[in-house]
Amino acid sequence: LLSGGTASTAGTFTFNDTTSEQTASGNKAVTFTPTDTTNFNTASTNVNVTVAAVPDPTNVGAASSGTTSIALTHNLTSSKNVMIVRRAGSAVTFTPADDTTYSDGQDVGSGQTVVRGSLAANTSSDTGLSPTTTYHYKIFSENWGWYSAGVATSATTSTPPPTISVSGSPAAMSTTYGSPSSPTSFTVSGSNLSANLSVSAPSGFEVSTNSGSGYGASVSLTPSSGTVGSTTIHVRLKSNASPGSNSGNVTAASTGATSQTVAVSGTVNIASMSMTVASSAGTLNGDYGATKLFADEVAGTSNSITITFTP
């Protein structure tokens, strides 16, 4: 805006060519228009005009505020709004065109996006970003569509923590001592992992990624780019699990991640037993209750006796 002009009567000063006001310095044509146009005429003359550049914002900064957002700070200069441009992975090269306005979210080419077209605040939050990514910014002062040279800054979004997920509730198992049970199953997955995902069985149980083979105390799953996709884990009672009720937790663990557990349970039954008593006098078959019968049969004899227990 023009300032500093004086006249002997009230009126206003304006540039003859209004487009030159903010684009360049030099000798400019100026017109004085009196308020009282009845008694005074307009007058024009040339004056030497210096147009100052729009000043950059100050104290510009950026910092991660999470895995998908960055907080931007900047002090407005001379009450000028700011325009913010973002680019992932490399510095912003975009230069806004003067006498032009830009809108939030506008694509300005080469992977560069206008975050704020005209912001009248000292802070801003850029959201919806990708984790573990460096974003570069250039923040320009903006004055009615005219721009400063801009100040660059950058920040990197945070890396999300490693996570393990389990799904499913394995059914109760049952078997006879000496044979493994039929398997039951659940699923496990992981994201942002930096090490293998280990799945470990409790005492009396064993696990595998194959329902028919490969059972052991634990299985190890190798992530690809930090991810273990949904994987079925089969679990069963071991053939030598303790008779009676068995229970515990299958544990899924990986470095830096919160371990997850899945409860499993089952029953191991004792096999029925039979007894064969052999002597020169004959053979008796029965169970543990046959002791008296055996005694009655062989009392008072000197024959040799063989006893066999068959599960």
Side-chain angles (χ1 to χ4, degrees), residues 61-73 84-94 104-116 124-138 152-170 183-202 205-236 248-264:
S64 173
S65 55
T67 58
T68 60
S69 61
I70 288 176
L72 300 164
T73 56
I84 304 172
V85 179
R86 175 192 68 225
R87 189 184 201 182
S90 58
V92 172
T93 57
F94 173 73
D104 294 1
Q106 183 174 342
D107 183 349
V108 291
S110 301
Q112 300 169 109
T113 303
V114 176
V115 179
R116 298 288 184 272
S124 180
S125 180
D126 190 14
T127 60
L129 307 177
S130 298
T132 324
T133 302
T134 299
Y135 289 92
H136 297 261
Y137 298 87
K138 203 162 191 181
T153 188
S154 64
T156 302
T157 49
S158 302
T159 299
T163 302
I164 298 171
S165 299
V166 293
S167 178
S169 300
T184 184
S185 65
F186 65 95
T187 60
V188 64
S189 61
S191 59
N192 307 305
L193 302 178
S194 60
N196 285 0
L197 195 166
S198 176
V199 182
S200 302
F205 296 83
E206 54 192 358
V207 290
S208 177
T209 55
N210 188 322
S211 63
S213 62
Y215 284 91
S218 65
V219 294
S220 183
L221 307 176
T222 302
S224 174
S225 300
T227 298
V228 170
S230 182
T231 303
T232 299
I233 301 296
H234 303 276
V235 57
R236 70 184 186 182
N249 289 319
V250 178
T251 301
S254 186
T255 302
T258 300
S259 297
Q260 301 295 318
T261 59
V262 176
V264 291

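This structure is a prediction, so every number in the text was calculated from the model and none was measured.
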K.L.:
With rounding to the nearest 0.5 Å, note down the distance linking OG1 in Thr222 to CG in Leu197.
P.N.:
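One gets 9.5 Å once the value is rounded to the nearest 0.5 Å.
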K.L.:
Identify the two heavy atoms, one from Thr133 and one from Ala88, that lie closest to each other, and give their separation to 0.1 Å.
P.N.:
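Nearest pair, atom of Thr133 first, then Ala88: CG2-CB, 4.4 Å.
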K.L.:
Kindly say whether Ser158 contributes a backbone atom to a donor-acceptor pair with the side chain of Ser64 at under 3.5 angstrom?
P.N.:
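Side chain of Ser64 to backbone of Ser158, a donor-acceptor pair under 3.5 Å: yes, one is there.
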K.L.:
Minimum heavy-atom separation for Tyr215 and Pro183, please, with both atom names.
P.N.:
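It is OH-CB, 3.2 Å.
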K.L.:
Minimum heavy-atom separation for Pro170 and Ala263, please, with both atom names.
P.N.:
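Smallest interatomic distance, heavy atoms only, reads CD-O, 3.9 Å.
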K.L.:
Can you find a heavy atom in the side chain of Pro202 that is under 4.5 Å from one in the side chain of Val250?
P.N.:
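Yes - at least one pair of side-chain heavy atoms lies under 4.5 Å apart.
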K.L.:
Just by distance, do the side chain of Ser208 and the backbone of Ser213 share a donor-acceptor pair under 3.5 Å?
P.N.:
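Answer holds: yes.
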K.L.:
Roughly how far, to the nearest 0.5 Å, is OG1 of Thr227 from CG of Leu221?
P.N.:
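Separation between the atoms: 12.5 Å.
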K.L.:
Supply the atom-to-atom distance Ser259 OG to Asn249 CG, rounded to the nearest 0.5 angstrom.
P.N.:
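Answer rounded to 0.5 Å: 11.5 Å.
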K.L.:
When you compare the side chain of Thr127 with that of Thr68, does any pair of heavy atoms fall below 4.5 Å?
P.N.:
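No, too far: nothing below the 4.5 Å cut-off.
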K.L.:
Which residues pass the side-chain contact (heavy atoms from CB on, under 4.5 Å) test with Pro160, not counting sequence neighbours?
P.N.:
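Pro160: side-chain contact (heavy atoms from CB on, under 4.5 Å) contacts with Thr67, Pro131, Thr132, Asn192.
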K.L.:
Tell me, do Thr73 and Thr153 make a side-chain contact under 4.5 Å, heavy atoms counted?
P.N.:
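A side-chain contact is absent here, since even the closest heavy-atom pair is not under 4.5 Å.
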K.L.:
Roughly how far, to the nearest 0.5 Å, is OG1 of Thr251 from CD of Gln260?
P.N.:
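OG1 of Thr251 is found 10.0 Å from CD of Gln260.
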K.L.:
Treating Ser254 as the side-chain partner and Asn196 as the backbone partner, does any N or O pair qualify as donor plus acceptor under 3.5 Å?
P.N.:
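Side chain of Ser254 to backbone of Asn196, a donor-acceptor pair under 3.5 Å: yes, one is there.
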K.L.:
Hey, does Thr255 have a side-chain heavy atom less than 4.5 Å from the side chain of Pro162?
P.N.:
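No, every pair of side-chain atoms sits at 4.5 Å or beyond.
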K.L.:
If only atom types and distance count, is the side chain of Ser211 paired as donor or acceptor with the main-chain N or O of Thr209 below 3.5 Å?
P.N.:
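No.
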K.L.:
Any sub-3.5 Å donor-acceptor pair from Gln112's side-chain atoms to Thr93's backbone N or O?
P.N.:
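Present.
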K.L.:
Does some side-chain heavy atom of Tyr135 sit less than 4.5 Å from a side-chain heavy atom of Leu129?
P.N.:
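Yes, close enough: below the 4.5 Å cut-off.
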K.L.:
Ignoring hydrogens and angles, tell me if any N or O in the side chain of Arg87 forms a donor-acceptor pair with the backbone of Ser110 under 3.5 Å.
P.N.:
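Judged by distance alone, yes, a pair lies under 3.5 Å.
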K.L.:
State which residues pass salt bridge (charged side-chain N to carboxylate O under 4.0 Å, His left out) with Arg86; sequence neighbours excluded, sorted by chain then number.
P.N.:
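Arg86 satisfies salt bridge (charged side-chain N to carboxylate O under 4.0 Å, His left out) with Asp126 once adjacent residues are dropped.
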K.L.:
Is there side-chain contact between Ile70 and Thr157, with at least one heavy-atom pair below 4.5 Å?
P.N.:
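Of all side-chain heavy-atom pairs linking Thr157 with Ile70, at least one is under 4.5 Å.
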K.L.:
To the nearest 0.5 Å, what is the distance between OG1 (Thr113) and CG (Asp104)?
P.N.:
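If we round to the nearest 0.5 Å, Thr113:OG1 and Asp104:CG are 11.5 Å apart.
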